[in-house]
Amino acid sequence: MHGPYCCPNCKTNRTRFNIIRQMPQAVKMDPRTGEVVDVLADAEPNPLHLAYRGPEYRVQCAVCGLIEDERTFLKFGEHQ
Ligand SMILES: [Zn+2]
């Protein structure tokens, strides 16, 4: 987190947020049952399995409930 947040939806909340830390887990599933048959290690290079490259955090406005990427809240915080 770097800099102030502001919610782009309700436009007033600058103080109450839920920080949602994303913890991706690479799994291999049985295509018929959906059962997880393997959990892949992060460091394991695998040409058949793309690694997660999305944001580390999502943020929820604790006033209106909006959930967005952290940068959306940061961007709006900058302009206010
Ligand atoms: Zn809000």
Side-chain angles (χ1 to χ4, degrees):
M1 285 157 274
H2 311 280
Y5 286 177
C6 187
C7 175
N9 187 50
C10 65
K11 297 181 172 64
T12 52
N13 177 30
R14 300 177 142 275
T15 54
R16 294 181 183 277
F17 301 97
N18 294 314
I19 310 293
I20 306 153
R21 194 184 295 263
Q22 311 224 75
M23 298 171 72
Q25 186 163 49
V27 297
K28 204 171 169 190
M29 287 170 119
D30 183 298
R32 282 172 302 165
T33 65
E35 197 186 332
V36 174
V37 292
D38 197 12
V39 177
L40 293 95
D42 280 348
E44 219 171 274
N46 190 329
L48 299 176
H49 195 116
L50 283 178
Y52 177 71
R53 298 259 184 264
E56 192 179 346
Y57 297 104
R58 302 262 291 169
V59 175
Q60 180 176 40
C61 170
V63 173
C64 76
L66 179 79
I67 300 176
E68 283 290 344
D69 287 353
E70 182 191 35
R71 61 176 175 208
T72 306
F73 286 85
L74 282 171
K75 215 171 182 182
F76 208 74
E78 274 172 20
H79 296 309
Q80 296 301 296

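Numbers here are sequence positions counted from 1. First listed ligand is number 1; within each ligand, the first listed atom is number 1.
Distances under 2.8 Å from the Zn ion (ligand 1) pick out the protein N/O/S atoms Cys7 SG, Cys10 SG, Cys61 SG, Cys64 SG.
In this structure, Phe17 and Tyr5 have perpendicular ring planes: the angle between them is above 60°, well past the 30° mark.
Here the rule is side-chain contact (heavy atoms from CB on, under 4.5 Å) with Phe73, and of Pro8, Pro4, Cys6 only Pro8 fits it.
In the hydrophobic clustering of this structure, Leu40 does not group with Tyr52; members are Ile, Leu, Val, Met, Phe, Trp, Tyr whose side-chain heavy atoms approach within less than 4.5 Å, directly or through other members.
Using a 4.5 Å cut-off between side-chain heavy atoms of Ile, Leu, Val, Met, Phe, Trp and Tyr, Val36 falls into a hydrophobic cluster with Val27, Met29, Val39. By the 4.5 Å side-chain criterion applied to Ile, Leu, Val, Met, Phe, Trp and Tyr, Leu50 is assigned to no cluster and stands alone.
Arg16 meets the salt bridge (Lys or Arg N to Asp or Glu O under 4.0 Å) test with no other residue; sequence neighbours excluded.
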